[in-house]
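As a basis for the values below, the full set of heavy atoms in this structure was taken, side chains included, without hydrogen atoms, waters or symmetry mates.
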Amino acid sequence: MRLVAEKLAGERGGETLFSDLDFTVAAGEALLVTGPNGAGKSTLLRIIAGLLARSAGSLRVVEGSENSDEVAQLAHYLGHLNAMKPVLSIEENLEFWRAFNGAGKRSVIAALDKVGLGDIAHLPFGYLSTGQKRRASIARLLVSDRPLWLLDEPTAGLDKASELQFAGLMQEHLGNGGIVIAATHLPLGLEVAGELRLGASA
């Protein structure tokens, strides 16, 4: 499987942030999207996720000899917000996302165990610390099997131990033939990753 972007352009508020972007990311590969604030990193991820319309260009998934424009159906998007309801328990939130995105190989509790939250699955999401909330949101990537992970500053709020843990989860996803595209200002601890830099200056 390959994600192919050709002559891609995106804008915000009528202002073009980037244009003529060409890149290909294949199964097992990671791409780090870097650049200064306002360069369009988040906009690019939202376009790939199908949350924003592209202003020009094309996006497609090539799998064998088949092309598909349904990129969003293959993607998990982890943005700045955690996309969880504060009054629901961690487990209830993840059960919702598992039903919405499709059940994966891991159960909700197994996914929470992976991020070190299995013992507090019953707690309301709103009770958690900033780092715990982020780890619960990372567990959302694990309860449904989607090959394309779109991550916007995914380590925000994580301590060093959690960063290392998440690096291991990303590496495992890549090892299983997944794709990671991450907007980040920081290294993510991946063994090998390409870089797409937006913006002319830092």
Distance-only check: which donor-acceptor pairs under 3.5 Å involve side-chain atoms of residues 114-123, not counting sequence neighbours?
unit_1: Lys114; atom_1: NZ; unit_2: Glu172; atom_2: OE1; d: 3.4

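Classification of Arg2 and Glu29 as a salt-bridged pair fails, no side-chain N sitting under 4.0 Å from a carboxylate O.
Not counting sequence neighbours, Asp113 has no partner by the salt bridge (charged side-chain N to carboxylate O under 4.0 Å, His left out) test. Every residue two or more places apart in sequence or in another chain that forms a side-chain contact (heavy atoms from CB on, under 4.5 Å) with Arg12 is listed here: Leu17, Thr43.
The nearest pair of heavy atoms linking Ala111 to Val143 is CB-CG1, 3.6 Å. Nearest heavy atoms, Leu112 versus Ala139: CD2-CB, 4.0 Å. Between Lys85 and Phe125, the closest heavy-atom pair is O-CB, 3.6 Å. Residues Leu78 and Ser137 approach most closely at CD1-CB, 3.7 Å, considering heavy atoms.
Side-chain contact between Arg46 and Leu150: absent, with no pair of heavy atoms (C-beta onward) separated by less than 4.5 Å. Proximity of Val33 to Phe18: side-chain heavy atoms (C-beta onward) are nowhere separated by under 4.5 Å. Residues Leu141 and Leu169 form no side-chain contact, since every pair of their non-hydrogen atoms from C-beta on lies 4.5 Å or further apart.
Judged purely by distance below 3.5 Å, without hydrogens or angles, the side chains of Glu195 and Thr34 pair a donor atom with an acceptor atom. Side-chain N/O atoms of His185 and Glu153 include a donor and acceptor closer than 3.5 Å.
The aromatic rings of Trp97 and Phe100 sit perpendicular, their planes meeting at an angle over 60°, well past the 30° parallel limit.
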